[in-house]
Amino acid sequence: MSTSDQDRHHRQPPPSRNRHHQVARSKASKRVLLRVASVACGIQFGWALQLSLLTPYVQELGIPHAWASVIWLCGPLSGLFVQPLVGHSSDKCKSRYGRRRPFIVAGAAAIAVSVMVIGHAADIGWACGDGEGRGIKPRAIVAFVLGFWILDVANNMTQGPCRALLADLTENDNRRTRVANGYFSLFMAIGNILGYATGSYNGWYKVFPFTKTVACNVECANLKSAFYIDVVFIAITTILSVTAAHEVPLASLASSQTHGQSSGGTDEAFLTEILGTFRYFPGSVWVILLVTALTWIGWFPFILFDTDWMGREIYGGEPNQGSSYSAGVSMGALGLMLNSVFLGITSVLMEKLCRKWGAGFVWGVSNIIMAVCFLAMMVTSFVAYHIGYIGHEQPPAGIVIAAVLIFTILGIPLAITYSVPYALISIRIESLGLGQGLSLGVLNLAIVIPQVIVSVGSGPWDQLFGGGNSPALAVGAAAGFIGGIVAILAIPRTRIQKPIPLP
């Protein structure tokens, strides 16, 4: 993606700061890029289970709906510090196994541990003194929050270095960078499809009968079983990814440098360095960060309450009260699986779309589509409420089809969100000589700060308007629309390039 004249003439950072961290590398083939990106499939498998099942699960543990979003606050908070720190550390890592791969392996191991803690939260709470049946289970909640925190830290610890490794391998080649991020987005889609399909199946407790215990009912046993599958899946994809590409250790490269640069910069305080990078950012980078923030203000209410919205506002159920809520959650998981199919298709077409229309334009249009879909969810909730079936019978087929269709269409803008911002920021930051890990950590700040705001405010905000999910969706729609307009008007169009086949 071409940079503007303003970017080219913008003040560059001192070459001694981070340029000695760049590793000499040869161009990677498509097969190598595919294998490196494959870890996204394992990560997203667990993330899909997290998105589709955990908001309902925390309410079954006794957390009120208004405060369910606060539980998700640990994710953004961990990302606020962990992603930049891991990116900064991986830029400077001198392990003989490379800069990125040690973090990918450690993060994958932490994911496996965390999902086991989450899956067994009810059993841990019961063993520590929680009672059976309904009501608040405080010890189980503590175990769940601990596992959830570790899971979000581990996700940030794994995804950031993997994207940075892809950026390393593409060598600041605009098209290769878009293709590599398209592969990453494609594997996220595959992981989503498998994860949501796993989450929508209600019979896993029969496949793993030992998961159903005194403290863990059928829904809990299904969640626990799904996480067992996730552990196996993340192990396989991590091995495929870390064995794909050879990284030159930073220590080996540094010893061969002849520029006489001191390593004193590597001892610079992390916070000072990351804040110091901001003054080198040209206007286009700030625009990308702004649009990213607005985009995630739009997405996060949906991510928090997608299956809960289906269970409450379409099926009219409540957690731990009858079967309507569970049926809605399962239907929501099915909708998210179809969402991931569209996400995968869009990921395959991403390069052609960006080459033809420009990355900024594609991103902007996708945000407007997202906003329209959120408005459609609000309209569907309004119609469902006024039909009068809620609390008396199952939802009409037309309402369910409309809800699932909205979930499905949202896969298109989600694919853009998972790919285009990372490609844009990687190319522009690389040209400034800043480390890829640190640059992606900075982008993550534009993602997690809005998530913190939404996590703190969405539950109480919804309660002000009667306890539904529509108020948060309205805020999301407004933010997505504004972000779309900014992207279309302020991000330079990509020059149309004649495609050159990648090796």
Side-chain angles (χ1 to χ4, degrees), residues 31 34-54 57 75 97 100-124 143-144 146-163 165 183-213 216 218-245 330 333-334 336-337 340-341 343-344:
R31 179 176 298 180
L34 274 168
R35 285 186 58 186
V36 170
S38 66
V39 72
C41 187
I43 297 170
Q44 205 65 21
F45 184 94
W47 184 244
L49 295 175
Q50 185 178 350
L51 295 181
S52 61
L53 300 179
L54 291 193
Y57 182 55
Y97 299 107
R100 318 297 184 187
R101 291 185 294 178
F103 291 92
I104 295 173
V105 172
I111 289 173
V113 172
S114 64
V115 297
M116 287 295 96
V117 173
I118 293 172
H120 290 84
D123 297 306
I124 294 171
F144 172 86
L146 175 62
F148 194 56
W149 194 290
I150 297 173
L151 177 59
D152 280 292
V153 169
N155 280 333
N156 283 302
M157 190 174 181
T158 309
Q159 287 200 52
C162 183
R163 286 190 182 272
L165 178 56
Y183 287 160
F184 197 90
S185 182
L186 174 62
F187 276 112
M188 292 179 78
I190 295 172
N192 275 336
I193 292 170
L194 297 175
Y196 290 134
T198 302
S200 65
Y201 179 57
N202 293 324
W204 288 117
Y205 73 98
K206 298 177 182 177
V207 181
F208 303 98
F210 59 88
T211 57
K212 190 172 183 294
T213 64
C216 190
V218 171
E219 289 78 14
C220 170
N222 282 326
L223 175 71
K224 190 191 302 181
S225 301
F227 279 140
Y228 285 150
I229 298 171
D230 180 35
V231 170
V232 175
F233 204 58
I234 189 67
I236 294 172
T237 55
T238 300
I239 292 171
L240 283 174
S241 180
V242 299
T243 58
S330 296
L334 176 62
L336 292 173
M337 184 186 72
S340 300
V341 173
L343 193 159

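All values derive from a computational prediction rather than experimental measurement.
Between the NE2 atom in His120 and the CZ atom in Phe227 there is a gap of 11.5 Å [rounded to 0.5 Å]. Between the CD atom in Gln44 and the CZ atom in Phe233 there is a gap of 11.0 Å [rounded to 0.5 Å]. Taking CG from Leu49 and CD1 from Ile118, the interatomic distance works out to 10.0 Å, rounded to the nearest 0.5 Å. Put simply, OH on Tyr201 and NZ on Lys206 are 6.5 Å apart, with the number rounded to the nearest 0.5 Å. Between the CG atom of Leu186 and the CG atom of Leu343 there is a distance of 8.5 Å, given to the nearest 0.5 Å. Summarising the geometry, atom OG1 belonging to Thr198 is positioned 6.5 Å from atom CG belonging to Leu194; distances are rounded to the nearest 0.5 Å.
Two residues are said to be in side-chain contact when any heavy atoms from C-beta on lie closer than 4.5 Å; Thr211 and Trp204 fail this criterion. Within the 4.5 Å cutoff, side-chain heavy atoms of Asp152 are placed close to those of Trp47.
The closest donor-acceptor contact from the side chain of Thr238 to the backbone of Ala235 lies at 3.5 Å or more, if one exists at all.
Note on ring orientation: taking the six-membered ring where Trp is involved, the planes of Phe208 and Tyr228 are perpendicular (angle over 60°, cut-offs 30° and 60°). Taking the six-membered ring where tryptophan is involved, the planes of Phe148 and Phe144 are essentially parallel, since the angle between them stays under 30° and well short of 60°.
For Thr243 and Arg35, the side-chain atoms include at least one donor-acceptor pair closer than 3.5 Å.
Residues Ile43 and Asn155 share a closest heavy-atom pair of CG2-OD1, 3.5 Å. For Asp123 against Cys216, the heavy-atom pair with the smallest separation is OD1-CB, 3.9 Å. The shortest non-hydrogen separation linking Met157 to Ala106 is CE-CB, 3.5 Å. Nearest heavy-atom pair, Gly42 versus Thr237, reported as atom, atom and distance to 0.1 Å: CA-OG1, 3.4 Å. Scanning both residues, Ala143 and Val117, for their nearest heavy atoms gives O-CG1, 3.4 Å. Contact detail for Val242 and Arg101: the closest heavy-atom pair is O-NH1, 2.9 Å.
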**OP:** Starting from the C-alpha separation in whole Å, work towards a yes-or-no answer on side chain to side chain contact (heavy atoms under 4.5 Å, CB included) for Val36 and Arg100.
**Re:** CA-CA 11 Å; Val36 170; Arg100 318 297 184 187; over 6 Å; no
